[in-house]
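Residue numbering restarts at 1 for every chain, and letters A, B, ... go by the order of the sequence lines.
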Number of protein chains: 2
Amino acid sequence: MDFGGAQSVDRALGLLALVGRHAGRGAALSSLVEESGLNKPTARRLLLALIRAGFVEQDEATRRYYLGAESYVLGSLAAPRYGLLQFAMDSVVRLSRQTQDSAFVSVRRDLVSVCLHREEGTYPVRTHALQTGFEHPLGCGAGSLAILAALPDAEIEAVLEANAAVLAASYPLYPPERIRADVAETRAQGYALNPGLIVANSWGVGVAIRDPFGRAIGALSIAAIDSRLQGPRQAEIGALLAAEATRVEQKLAQRQSVYFTPVPEAGRKTA
Amino acid sequence: MDFGGAQSVDRALGLLALVGRHAGRGAALSSLVEESGLNKPTARRLLLALIRAGFVEQDEATRRYYLGAESYVLGSLAAPRYGLLQFAMDSVVRLSRQTQDSAFVSVRRDLVSVCLHREEGTYPVRTHALQTGFEHPLGCGAGSLAILAALPDAEIEAVLEANAAVLAASYPLYPPERIRADVAETRAQGYALNPGLIVANSWGVGVAIRDPFGRAIGALSIAAIDSRLQGPRQAEIGALLAAEATRVEQKLAQRQSVYFTPVPEAGRKTA
DNA sequence: CGATGTGGTCCACGATATGGACCGCAGCAT
DNA sequence: ATGCTGCGGTCCATATCGTGGACCACATCG
């Protein structure tokens with residue numbers, strides 16, 4: 001199979017994405033080394049290249065790595081095409097206020113769902129299972145499941161197959177059959193439920209956001225401890241989420257007509 | 001001089017930034033080759049790496065290159081640290097409505113100013129000199145000059161020196177002395193004026209935006225044909241801009257206290 | 001139906017990235 | 001003080017990897 005060379009570029013971009021997933025907290029060299037599978041000199045050398053280009057910055061004192069200004073500029077320039085956060089921000093804040101629990105926007109990125117923003121709830125007991133930058137395979141977690149359930153059946157199968165290895169390795173509570181069942185339930189209920197399958201007692205409810213072509217591109221979700229997402233409140237929150245998702249979809253439909261691309265490329269195999 | 005290796009990474013990141021500067025329009029391979037100074041096979045190979053990582057997408061039909069989803073995700077993750085667009089968006093829209101001319105947010109990126117968003121004016125005769133993604137050396141253009149004038153004198157000299165080569169080569173109407181004079185005028189007036197120095201008859205007025213530490217990080221600006229920016233209207237627009245800049249600064253001060261970094265690294269020499 | 005301008009690919013050559021070994025430092029329990 | 005551990009960072013001989021001139025395929029145009 002021909003990958004077209006440029007391996008060090010692949011590694012550098014992987015590192016960049018990794019630094020992004022640690023944004024806020026900052027990433028230590030050692031953790032980047034571990035998570036990327038690179039060795040230290042290589043990781044360091046690539047980070048220097050990323051720093052040189054302004055995509056990453058290093059805190060002089062703590063030596064931790066953060067995303068740099070160029071990353072922000074790039075994202076802002078990409079916003080017209082993908083601007084989910086821009087349009088979902090209001091809704092997330094509103095959801096968090098209304099429910100007192102933490103609210104999230106996630107976006108689909110190929111085979112996974114990435115959390116773009118977490119709006120802290122006011123209720124004193126909170127779950128911190130999901131934080132900005134975290135990602136899970138499609139189907140794992142409330143928002144992630146909502147996205148998956150909104151895809152055409154054929155695509156769901158393709159995604160599950162491509163994710164099979166990761167699921168088996170890191171998500172023991174999520175065998176493919178389970179996810180298929182969850183998808184069916186999500187479609188029946190109108191909202192996705194995660195009954196603490198990633199972190200025990202940390203439940204979530206999610207609803208997908210579709211682009212003007214009807215493709216699921218992201219999700220809104222709420223997370224709380226199990227006792228706050230039982231009985232009627234679950235469906236109430238599902239309805240709230242659905243209402244806000246519709247608002248986001250309307251904003252997307254208004255502004256983006258010019259920019260949106262017909263097809264964002266199918267999921268590819270795992271490396 | 002030791003650059004720490006990883007040259008192909010530098011080139012790839014340069015290409016990525018370049019694709020970003022063409023966002024919206026999309027970038028043709030040939031123009032990327034020309035603007036980057038790379039040769040075709042190399043550029044193509046690096047682009048394939050960028051596509052593989054999701055930072056760039058290629059339109060199947062037109063073969064043009066666009067920023068990909070990962071670029072957007074990355075930028076969203078960097079937003080808490082650099083979120084200027086997020087907070088300036090409202091102001092730009094308002095400015096454009098009030099003045100009927102096109103309004104812009106730009107952000108400082110080392111030695112240059114990059115236009116993050118252009119809000120189209122309603123007035124029938126418009127200038128298209130500045131578009132989203134365009135960048136100019138600090139001091140060249142209204143917003144860019146506003147940023148420069150808001151820096152400490154020592155930093156201004158450092159920036160001018162570092163930019164000397166580019167200015168001499170590509171901005172014949174901007175000798176360093178001229179920029180120094182413009183800075184003085186900007187500080188006296190309270191707003192920066194570009195009297196058609198980049199594109200003839202395309203004038204602009206700009207005001208800097210400062211972060212909570214007082215450092216100039218970006219600018220708001222208005223552009224129009226010369227006849228619409230003469231006499232009293234010039235200062236009126238200057239005042240409007242200053243008012244909106246203050247609003248943005250307040251939003252930044254509120255939200256960002258936790259995130260903002262003390263020092264964003266001094267300008268480095270041109271390559 | 002040649003001429004020109006795209007986008008894209010091949011492959012021999014040699015410049016380039018690699019990673020095991022190493023350094024210096026900070027914290028901490030002897 | 002003294003050794004230990006874990007951290008961030010760097011060196012440099014080795015061989016792997018990227019390079020770019022030459023080339024192909026396909027449109028468009030006069």
Side-chain angles (χ1 to χ4, degrees), chain A residues 1-19 21-23 25-53 55-68 261-263 265 268 271, chain B residues 1-19 22-23 25-53 55-68 261 263 265 268 271:
Chain A
M1 218 183 294
D2 181 19
F3 285 115
Q7 305 205 5
S8 63
V9 176
D10 290 339
R11 295 173 165 192
L13 295 174
L15 260 182
L16 178 55
L18 215 48
V19 172
R21 304 313 186 243
H22 288 245
R25 288 149 279 277
L29 179 58
S30 54
S31 51
L32 290 175
V33 166
E34 187 183 4
E35 291 172 43
S36 67
L38 301 173
N39 58 22
K40 218 186 332 169
T42 300
R44 170 72 176 155
R45 193 156 21 83
L46 297 177
L47 283 167
L48 284 175
L50 292 169
I51 290 170
R52 225 176 296 143
F55 284 88
V56 166
E57 279 172 17
Q58 182 171 26
D59 185 303
E60 282 302 327
T62 67
R63 314 263 75 195
R64 294 177 83 79
Y65 299 89
Y66 295 84
L67 286 182
T261 45
V263 161
E265 194 67 24
R268 60 197 147 80
Chain B
M1 215 182 297
D2 180 19
F3 285 115
Q7 305 205 6
S8 62
V9 177
D10 290 339
R11 295 172 166 191
L13 295 175
L15 261 182
L16 178 54
L18 215 50
V19 172
H22 289 244
R25 289 150 279 277
L29 179 58
S30 55
S31 50
L32 290 174
V33 166
E34 188 182 4
E35 290 171 43
S36 67
L38 301 172
N39 58 24
K40 219 190 328 170
T42 299
R44 170 72 177 155
R45 193 154 24 81
L46 297 176
L47 283 167
L48 284 175
L50 292 169
I51 290 170
R52 225 176 297 144
F55 283 88
V56 166
E57 279 172 15
Q58 182 170 26
D59 186 303
E60 281 302 326
T62 67
R63 313 265 74 196
R64 293 177 84 80
Y65 300 88
Y66 295 85
L67 286 182
T261 45
V263 161
E265 194 69 22
R268 60 196 148 79

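In this structure, B:Arg25 has no salt bridge (Lys or Arg N to Asp or Glu O under 4.0 Å) partners at least two apart in sequence or on a different chain. The side chain to side chain contact (heavy atoms under 4.5 Å, CB included) search around A:Ala43 returns A:Leu15, A:Leu29, A:Val33, A:Leu38, not counting sequence neighbours. Considering only residues two or more places apart in sequence or on other chains, A:Glu35 meets the side chain to side chain contact (heavy atoms under 4.5 Å, CB included) condition with A:Leu18, A:His22, A:Ser31. Residues that satisfy the salt bridge (Lys or Arg N to Asp or Glu O under 4.0 Å) test with A:Arg21, not counting sequence neighbours, are A:Glu135, B:Glu70.
When the side-chain nitrogen and oxygen atoms of B:Arg45 are compared with OP1 and OP2 of D:dG18, none of them lie within a distance under 4.0 Å. A:Arg63 has a side-chain polar atom (N or O) that falls below the 4.0 Å cut-off from OP1 or OP2 of D:dG9.
When only modelled atom types and interatomic distance are considered, B:Glu57 and B:Tyr66 share no side-chain donor-acceptor pair under 3.5 Å.
Between the axis at the start and the axis at the end of the helix from C:dC1-D:dG30 to C:dT30-D:dA1 there is an angle of 30°, using five pairs per end and rounding to 10 degrees.
Between the CG atom of B:Leu46 and the P atom of D:dG20 there is a distance of 10 Å, given to the nearest Å. B:Leu48 has its CG atom 12 Å from the P atom of D:dG18, to the nearest Å. Summarising the geometry, the separation between CD on B:Gln7 and C1' on D:dG18 is reported as 11 Å, rounded to the nearest angstrom. Summarising the geometry, the separation between CZ on B:Arg64 and C1' on C:dG8 is reported as 16 Å, rounded to the nearest angstrom. The distance between atom CG of A:Leu15 and atom P of C:dT18, rounded to the nearest whole Å, is 11 Å. The CD-P distance, from B:Glu60 to C:dG7, rounds to 15 Å in whole Å.
Taking for each of A:Arg11 and A:Leu29 the nucleotide of DNA chain D with the nearest heavy atom, the 5'-most of the two is the partner of A:Leu29. The 5' end of DNA chain D is approached more closely, in terms of each residue's nearest nucleotide, by A:Ala28 than by the other of A:Ala28 and A:Ser8.
Proximity note for B:Arg44 (side chain, C-beta onward) versus C:dT9, D:dG18, C:dG19: the nearest is C:dT9. Listed candidates were C:dT18, C:dG8, D:dG20. Nearest to the side chain of B:Pro41 is D:dG20. Listed nucleotides: C:dG8, C:dT16, D:dG18. Nearest to the side chain of B:Gln58: C:dG8. For B:Tyr65, taking side-chain heavy atoms from C-beta onward, the closest of the listed nucleotides C:dG19, D:dT19, C:dG8 is C:dG8.
Here the CG-CZ distance, from A:Leu32 to A:Arg44, works out to 11.5 Å after rounding to the nearest 0.5 Å. To the nearest 0.5 Å, atom CG of residue A:Leu50 and atom CZ of residue A:Phe55 are 8.0 Å apart. Expressed to the nearest 0.5 Å, how far CG of A:Leu67 lies from CG of A:Leu16 amounts to 6.5 Å.
Across residues 30-40 of chain B, B:Ser30, B:Lys40 each have a non-hydrogen atom less than 4.0 Å from an atom of DNA chain C (numbered order).
A distance-only check finds no donor-acceptor pair linking the side chain of A:Arg64 to the backbone of A:Asp59 [under 3.5 Å].
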